[in-house]
Amino acid sequence: MTVDAPEAPASAPLPRRSRPRRVLDFLRNTWRGLTSMRTALVLLFLLALAALPGALLPQWSLNAQRVTDYIVAHGWWGRLLNQLQFFEVYGSVWFAAIYLLLFVSLVGCLTPRTFEYAKALRAKPVLTPRNLGRLPLNRESTVDTPVDEVIASARTRLRGWRTVEREEDDGSRTISAEKGYLREAGNLAFHFAMLGLIVALAVGKLFNYEGQVIVLANGSQFCNSGVVGYDSFEPGLTVDGTDLTPFCLQVNGFQVTYLPSGQPEHFRVDMRYQSEGDLTAGTWRDYPLESNSPLRTAGDRVYLMGNGYAPRFTVRYPDGTERVGLIQWRPVDPSTFLSEGAVKFDPPGVTDPVQRRTKQLAVTGLFAPTAGFDGKVLTSRFPDLLDPAVAVDVLRGDLGNDSGRGQSIFSVDQSMVDSGRLKKIARENLRLGQHLTLDDGTRITFDGVERFVSLKVAHDPAQDWVLVFAVALVLGLGVSLTIKRRRFWVRATRITRDQGPDRTLIQVGGLARTDQAGYGEEFGRLADDVLRTSGRDT
Amino acid sequence: MVDETLATYGDWSHGAATFLYLMAMALHLVEYAFGRRSTLAVAEPARELATVGGGSSGTTITPGVVPTEQGPGRVERLGRMGVAVTVLGAVMHVASLVLRGVAAGRAPWGNMYEYGSLVCLVAVVTYLVLLYKFGARKLGVFILVPVTFLMFIGGTLLYAQAAPLQPSLRSYWLVVHVLAAAVASGVFMVPGVASVLYLIKARNEKRPDKMVKLAGKLPSKDLLDRVAYRTTVLAFPVFTFGVICGGIWAEAAWGRFWDWDPKETVALVCWVIYAAYLHARATAGWRGTPAAVINVVGFAGTVFNLFFVNLVTSGLHSYAGV
């Protein structure tokens, strides 16, 4: 930096300053540079530029699958981008660096401005310029009214302005008036609100959590007692999942109406919940959960995020024992709700793990809420549950549950199929109530369909503050952009004449202190009124 | 549920409005091509009182110009006709949106066709207000070019039948949030165009052999700058308000007030660019051409947000559909 100038070969020898002094200079210059408007502008551009990749590249937080695909598809380039945090832009070091610098710059800019403003609020309007004719806005006239009356009526006209009256050496009387102090107040309010908003956002990131859970709409319950209850959970930085807001939900049904085009028209989850005192009292409150109308209870919010179907299969083993499998299947076509999934069964009464691993069953394939068959291929013609059918493969053998690997609930472990330990033994299309029979006499019936809802639980104790600051931000912005800081001066000078009574020369001048034009009209009206105090213009 | 007859009338009005804007554009173009250079420069000083500091020096009357005293010439009459046709177009435009709204039984800004139409209407109305306040008729051609283009694209490529909304869009926030976004985008179109013209004019002043045909008849740099600033200052708080309403709605609909959805991100980028414009205009060394460049970039971002983000990327906002 330029502060090191004494060491550099300078043409003019500079007095060598002491080390602490140089450090101080360095700090001061850095601070000045950082808080200058120019730096703020550059940082604003950098922020805009740095935010952009987040919109153009897939992001881990939004869609991890697409990020993985992107990295695979782009080779070293994708890996490089990943290393440079381009797939988590808003949590990246460089993005944080920019907004922290901007934050500091803002603080450094606002602090002196606040003091200046406080001073300006107490200061008197400035002296009347000697030559009002030089101002961009100025007029004058000569009237018969005496000076004192001119000043008195101008004073009345300038009510609402901050004014100060002065008498000049030559006996002229002047009024300096200023208005629009709120502009700077609005400006400061806007910027401080932005600081507050950023702080509130950061606080939210510390204490928030968000979880997603799928609940069958058949009276199933969900309790917000810990992370394990969730299908996915995203905690804030200080949240370990042990201290979640306690509440319970019970989903009794899910109503959806569709337009003939297949576009959904209305969703409603028939739900009841208990929180706070209800939990000990054991009472339930009904809440119909709909789009745009989350359940807000005890500081948490519950949202309806999605829905789908869970086909039910009953397996009747040759010995007469029955097992029921019911689990959500994943919609693969959001417009028709053609869904895929897998229901897995352990054989009953087999305790030997080796034996069991030869007899496990999986029913996997497609589900259509309104079936259409293209030859033998199942498709769905409509998203509503009108005429359900499934097209399933039945596999027998080792599902791989004991392998230690996690596996998807929507499919079987393909490596087990590839290694021949899980074999396909039947393929069939079934309508509701139909069954298929396996070679050993086991009967699998497709005997029901339940709906499920996907719920999101969110907790952010700081979001009300974000809203408060956002509202302050808009208000401050509105004030600072609509109000003009402007000045107006009047000078009344007595003109003594050899014959006849004295006359008064009135001069007015105006200056808008901000670059917003449009003061002209107001100045014109003011000048009209002040100059036309009485008598005629000349 | 959807009144097909009314919807059809609405579409016809949309077509009529597009056609009228095209006509008006042609009339303005004739005026622009064959008209005198004077009209604006002469009309200006009367309205110039507002200029601060040395600003008024920018509006010197071009030498060799004869002020118009003998009433409007034939060419100028064509220009005035263009304004009348624009007003008529705007009336049809309003009618098309009202009919669409009544037909579908909801606010008529639920898909890209309707939204684009609303943005254009706001741009045209802003231009007409400016015409009334500043008399800058020469802006007409340049405003009507993007408007007509957008209207045409809307009526053809992006056209969508009148239909009820998806459940997630059924909220009074749709009315507020999307309206604010459309108003801001529509108003932003005017400073965008004015800033492009400013750059053309500035280039011509720097190198008089460049852009001669176009720049010669443009309003003064000072006027263009003022038009751009005053419209931006109007649109920026509306835009901010729209983004915040979006946050409130997102909190109720998606469970998070800000999710870095592509649309949100690009909106933030645009917001930062326009904020930079306002700061640049108050910073020595950044006034004039740099500020105009920033404003053009801001508008480019706005257009990008409308087309690219809706049509190409997939995010929470893309379900609004075409």
Side-chain angles (χ1 to χ4, degrees), chain A residues 37-38 40-41 44-45 47-49 51-52 54-56 59 61-63 66 89-90 136-137 201 210 256 259 261 263-267 290-294 301-303 305 456-458 460 463 466-467 470-471 473-474 477-478 481-482 511-521 523-524, chain B residues 1 47-56 163-164 166-168 170-171 173 226 229-230 233-234 236-237 240-241 244 247-249 251-266 268-270 272-273 275-276 278-283 285-287 294 301 309 313-315:
Chain A
M37 185 74 109
R38 200 171 297 255
L41 263 173
L44 273 176
F45 285 125
L47 185 73
L49 199 66
L52 215 49
L56 303 180
Q59 298 291 299
S61 60
L62 295 178
N63 195 334
R66 284 189 54 211
V89 168
Y90 311 110
L137 301 169
L201 274 175
E210 248 181 50
V256 51
L259 296 174
S261 66
Q263 181 189 323
E265 189 184 30
H266 190 84
F267 299 125
E290 298 177 353
S291 309
N292 285 311
S293 140
R301 291 119 47 207
V302 181
Y303 298 84
M305 300 306 285
K456 176 183 198 169
V457 176
D460 182 353
Q463 75 166 12
V466 173
L467 181 63
V471 171
L473 187 143
V474 174
L477 189 63
L481 290 180
T482 48
L511 183 66
R513 293 195 58 203
T514 50
D515 58 351
Q516 175 166 347
Y519 178 36
E521 291 148 37
F523 176 81
Chain B
M1 188 179 287
R47 313 203 183 237
E48 208 50 38
L49 284 173
T51 324
V52 180
S56 54
Q166 302 181 15
S168 47
R170 291 190 187 183
S171 165
W173 287 111
R226 222 140 30 86
Y229 179 70
R230 294 188 72 168
V233 154
L234 183 75
F236 187 66
T240 312
F241 174 74
I244 287 170
I248 297 173
W249 187 13
E251 194 274 338
W254 304 329
R256 221 188 255 186
F257 57 83
W258 190 269
D259 209 12
W260 296 108
D261 180 61
K263 193 109 186 165
E264 292 169 358
T265 306
V266 178
L268 177 75
V269 169
C270 292
V272 169
I273 293 173
L278 294 179
H279 284 92
R281 226 169 151 287
T283 308
W286 285 79
R287 293 191 191 99
I294 298 173
V309 172
T313 65
S314 71

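Convention: sequence-line order gives letters A, B, ...; per-chain numbering from 1.
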Asks: Would you give the length of the straight line joining atom CG of A:L41 to atom CG of B:L278, rounded to the nearest 0.5 angstrom?
Replies: 10.5 Å

Asks: Relative to chain B, which segment of A:L52 carries a heavy atom at a distance below 4.5 Å: side chain, backbone, both, or neither?
Replies: both

Asks: Is B:E264 close to chain A through its backbone or its side chain, or both, or neither, when contacts mean heavy atoms under 4.5 Å?
Replies: neither

Asks: Where do B:W286 and A:M37 land on the side chain to side chain contact (heavy atoms under 4.5 Å, CB included) test, with the steps shown first?
Replies: CA-CA 10 Å; B:W286 285 79; A:M37 185 74 109; over 6 Å; no

Asks: So how far is it from A:Q59 CD to B:W260 CH2, rounded to the nearest 0.5 Å?
Replies: 9.5 Å

Asks: Roughly how far, to the nearest 0.5 Å, is the CZ atom of B:R256 from the OH atom of A:Y303?
Replies: 10.5 Å

Asks: Are there more than 12 heavy atoms of other residues, nucleotides or ligands under 6.0 Å from atom CZ of B:F236?
Replies: yes

Asks: In terms of heavy-atom pairs under 4.5 Å with chain A, which of B:I248, B:D259, B:V266, B:I273 leads?
Replies: B:D259

Asks: Pair B:T265, A:L56 - check side chain to side chain contact (heavy atoms under 4.5 Å, CB included), show working.
Replies: CA-CA 10 Å; B:T265 306; A:L56 303 180; over 6 Å; no

Asks: Counting only heavy atoms closer than 4.5 Å, note whether A:A48 contacts chain B via side chain, backbone, both or neither.
Replies: both

Asks: Begin with the C-alpha distance, continue with both residues' side-chain angles, and end with the deciding distance and a verdict on side-chain hydrogen bond (donor to acceptor under 3.5 Å, both in side chains) for A:N292 and B:W173.
Replies: CA-CA 10 Å; A:N292 285 311; B:W173 287 111; over 6 Å; no

Asks: Out of B:S171, B:A163, B:G255, return the one with the most heavy atom pairs under 4.5 angstrom to chain A.
Replies: B:G255

Asks: By a 4.5 Å heavy-atom criterion (distance strictly below it), what part of A:L49 contacts chain B: side chain, backbone, both, or neither?
Replies: neither

Asks: Under the rule for side-chain hydrogen bond (donor to acceptor under 3.5 Å, both in side chains), what residues qualify as partners of A:S261, not counting sequence neighbours?
Replies: none

Asks: Taking the side chain as every heavy atom from C-beta outward, state whether B:V269 and A:L47 have any pair of such atoms under 4.5 Å apart.
Replies: no

Asks: Check each atom of B:L234 against the heavy atoms of chain A and say whether the ones under 4.5 Å are side chain, backbone, both or neither.
Replies: neither

Asks: Considering residues at least two apart in sequence or located in another chain, which fulfil the salt bridge (Lys or Arg N to Asp or Glu O under 4.0 Å) criterion with A:K456?
Replies: A:E210

Asks: So for A:V466, is it side chain, backbone, both, or neither that comes closer than 4.5 Å to the heavy atoms of chain B?
Replies: side chain

Asks: Of all the heavy-atom pairs spanning A:L44 and B:V272, show the shortest one and how long it is.
Replies: O-CG1, 3.1 Å

Asks: For A:F45 and B:I294, what are the C-alpha separation, side-chain angles and deciding distance, and is it a side chain to side chain contact (heavy atoms under 4.5 Å, CB included)?
Replies: CA-CA 10 Å; A:F45 285 125; B:I294 298 173; 3.4 Å; yes

Asks: Could you give me the CA-CA distance, side-chain angles and deciding distance for B:F241 and A:V471, then say whether side chain to side chain contact (heavy atoms under 4.5 Å, CB included) is met?
Replies: CA-CA 8 Å; B:F241 174 74; A:V471 171; over 6 Å; no

Asks: Most heavy-atom pairs under 4.5 angstrom with chain A, which of B:P237, B:G285, B:A275?
Replies: B:P237

Asks: How far does CZ of B:R170 sit from CD of A:E290, to the nearest 0.5 angstrom?
Replies: 11.0 Å

